[in-house]
Protein chains: 2
Amino acid sequence: MLNNSHSLFHAVHQLSRQLTKQLNEALEPFGLYNAQWAVLYVLKANGALTQKELCEYLAVEAPPMTRTIQRLMKQGYIDQRTGLDKRKKFIHLTSKAESEFPKWEKAVLEANQVLITSLPKGSQDAIYSILSEWLIGIKQQVKTVEEEAIFND
Amino acid sequence: MLNNSHSLFHAVHQLSRQLTKQLNEALEPFGLYNAQWAVLYVLKANGALTQKELCEYLAVEAPPMTRTIQRLMKQGYIDQRTGLDKRKKFIHLTSKAESEFPKWEKAVLEANQVLITSLPKGSQDAIYSILSEWLIGIKQQVKTVEEEAIFND
DNA sequence: AACAACTAATTACCTAGGTAACTAATTTAT
DNA sequence: ATAAATTAGTTACCTAGGTAATTAGTTGTT
């Protein structure tokens, strides 16, 4: 039974660190890190996207995304193409990335499998829906608090 | 309904970032960051601890803890005393920290309140118990996998 | 047509947390 | 008693993510 918010927040934080740690270990043989994998995964699933769109999909600010993209480019897994709007940079998976992707995905799925075995399917669905709802709630709440702050200026 | 592990892990990760971000904002007026607050909170609740013990309580490796402690010391909120075993450093809250603590706690609790309003009490308990179980499971699982790896050497 | 406002991306700099390699103190074995 | 192994903490260096300030390109206004 939960007696305070500290414990809950701490558990979330700790879990997040465990997950990324294990994922990084799984990706290590390929010279990839979890932030890079996240980008590759989104690009594979959605096709070419601008950096802005990638930021929105992954809920990350622009500067870390710039860095991750520059690294992936250096490794030859993506390329940038500017469109009509020269500010926008569309990010594409290279054929090199396309051909490596299945290996990466396999390693990641195996790691995820290990991480998730101790969580019964029912709990998986429960936790996912609670977390999703909570995230939405937090974003609204934060927005509201900010607006009140502006209003009170 | 959860269709893959990526979504779940991503939700956990994103939530963790939201929570620390909001907590940092709440602590900003006091010149504190969430990692420092975590240490202060544990020391207040448990009394003096060695750095090793602090690491275990907060599930953090030693190097980041060293850094957090050095910062808190510079701010005059803690002091180190070596015991009989000269390797161990016991960390104490200073009276300055003790007198400031209630203000910090109030700010943190208010922030936590905002973050948790969108999560019904039932969901709080549900999520906390699932997360706790899951964390335990992951640690066992990871340990097992490592042992198998050693065995197969 | 020219100036103002906005937008996408980058740069510089901050905190958090991780591993590997090291130092100093303490146990354990021989 | 001394050499070897272990332990607590530190240092150096890595990735991740955040904010603030800047640049270049685009839109809107007048």
Side-chain angles (χ1 to χ4, degrees), chain A residues 9-10 12-28 30-39 49-56 58-75 78 80-91 142 146, chain B residues 9-10 12-28 30-39 49-56 58-75 78 80-91 142 146:
Chain A
F9 293 6
H10 186 241
V12 172
H13 197 52
Q14 213 181 316
L15 178 61
S16 166
R17 277 159 48 218
Q18 276 298 323
L19 297 177
T20 59
K21 191 175 162 184
Q22 299 307 318
L23 189 53
N24 277 334
E25 270 179 36
L27 289 168
E28 195 268 337
F30 310 104
L32 287 174
Y33 288 87
N34 93 80
Q36 299 171 338
W37 164 251
V39 169
L49 295 173
T50 64
Q51 295 191 201
K52 184 81 198 303
E53 288 167 331
L54 278 169
C55 289
E56 281 159 7
L58 295 171
V60 154
E61 300 298 323
M65 184 55 71
T66 294
R67 191 182 47 214
T68 302
I69 281 172
Q70 285 172 347
R71 265 183 227 164
L72 284 170
M73 214 141 52
K74 205 170 281 175
Q75 291 173 290
I78 58 174
Q80 283 177 331
R81 301 178 205 162
T82 63
L84 284 183
D85 184 337
K86 285 178 205 149
R87 291 169 308 177
K88 294 186 184 172
K89 299 187 175 174
F90 286 88
I91 313 296
V142 166
E146 278 166 7
Chain B
F9 293 6
H10 185 241
V12 172
H13 196 52
Q14 212 182 316
L15 179 61
S16 167
R17 278 159 48 218
Q18 276 296 324
L19 296 178
T20 59
K21 190 174 161 184
Q22 298 307 317
L23 189 52
N24 276 334
E25 270 179 34
L27 289 167
E28 195 268 337
F30 310 105
L32 287 174
Y33 288 86
N34 92 81
Q36 299 173 346
W37 164 251
V39 169
L49 295 172
T50 64
Q51 295 192 199
K52 185 82 199 305
E53 290 167 328
L54 278 169
C55 288
E56 281 159 7
L58 295 171
V60 154
E61 300 299 323
M65 184 55 72
T66 295
R67 192 182 46 213
T68 303
I69 280 172
Q70 286 172 347
R71 263 182 228 165
L72 283 169
M73 215 143 51
K74 205 169 281 174
Q75 291 173 288
I78 58 174
Q80 283 179 328
R81 302 176 206 163
T82 64
L84 285 181
D85 185 336
K86 284 177 205 150
R87 291 170 308 179
K88 294 185 184 173
K89 299 186 174 173
F90 286 89
I91 312 297
V142 167
E146 278 167 6

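Every chain is numbered from 1 and lettered A, B, ... according to where its sequence line falls, protein lines coming before strand lines. Note: hydrogens, waters and symmetry copies are ignored here, and every other heavy atom, side chains too, is used.
Here the P atom of nucleotide D/dA8 and the CD atom of B/E53 are 9 Å apart, to the nearest Å. Regarding A/K86, its NZ atom lies at a distance of 11 Å from the C1' atom of D/dA24, rounded to whole Å. The CD-P distance, from B/E25 to D/dT19, rounds to 8 Å in whole Å. Rounded to whole angstrom, the span from the CD1 atom of B/I69 across to the P atom of D/dT11 amounts to 13 Å.
Nucleic acid contact for B/A35: sugar-phosphate only, since backbone atoms but no base atoms lie under 4.0 Å from a heavy atom of the residue. Backbone-only contact: A/T50 has heavy atoms under 4.0 Å from sugar-phosphate atoms and none from a base. As judged by a 4.0 angstrom heavy-atom cut-off over every strand, A/L54 is placed among residues making no nucleic acid contact.
The backbone N or O of A/R67 sits nowhere less than 3.5 Å from a side-chain atom of A/Q70 that would complete a donor-acceptor pair.
You'll find the side chain of B/L72 reaches within 4.5 Å of the side chain of B/Q75, heavy atoms only. Residues A/M73 and A/I91 are not in side-chain contact: their nearest non-hydrogen atoms beyond the backbone lie 4.5 Å or more apart. Counting only heavy atoms from C-beta outward, the side chains of A/L19 and B/H13 never approach each other to under 4.5 Å.
Mapping B/Q51 and A/R67 onto DNA chain D by nearest heavy atom places B/Q51 closer to the 5' end of the strand. Residue whose closest nucleotide on DNA chain C sits further toward the 5' end, between A/P63 and B/R71: A/P63.
Chain B approaches DNA chain C over the interval C/dT15 to C/dT26, counting the first and last nucleotide 5' to 3' with an atom under 4.0 Å from its heavy atoms.
Across all their heavy atoms, A/R87 and A/D85 have their closest contact at NH2-OD2, 2.8 Å. When all heavy atoms of A/I78 and A/I69 are compared, the closest pair comes out as CD1-O, 3.5 Å.
Between D/dT26 and A/K88, no contact under 4.0 Å exists linking OP1 or OP2 to a side-chain N or O. A close approach under 4.0 Å does occur between a side-chain nitrogen or oxygen of B/T66 and OP1 or OP2 of D/dT10. For the OP1/OP2 pair of D/dG9 and a distance below 4.0 Å, the side-chain nitrogens and oxygens of B/Q70 include no atom meeting the criterion. Side-chain N/O atoms of B/K89 include none lying less than 4.0 angstrom from OP1 or OP2 on D/dG9.
Looking at A/K52 and A/E56, a side-chain N of the basic residue comes within less than 4.0 Å of a carboxylate O on the acidic one, giving a salt bridge.
One cannot find a donor-acceptor pair under 3.5 Å joining the base of D/dT26 and the side-chain atoms of A/R87.
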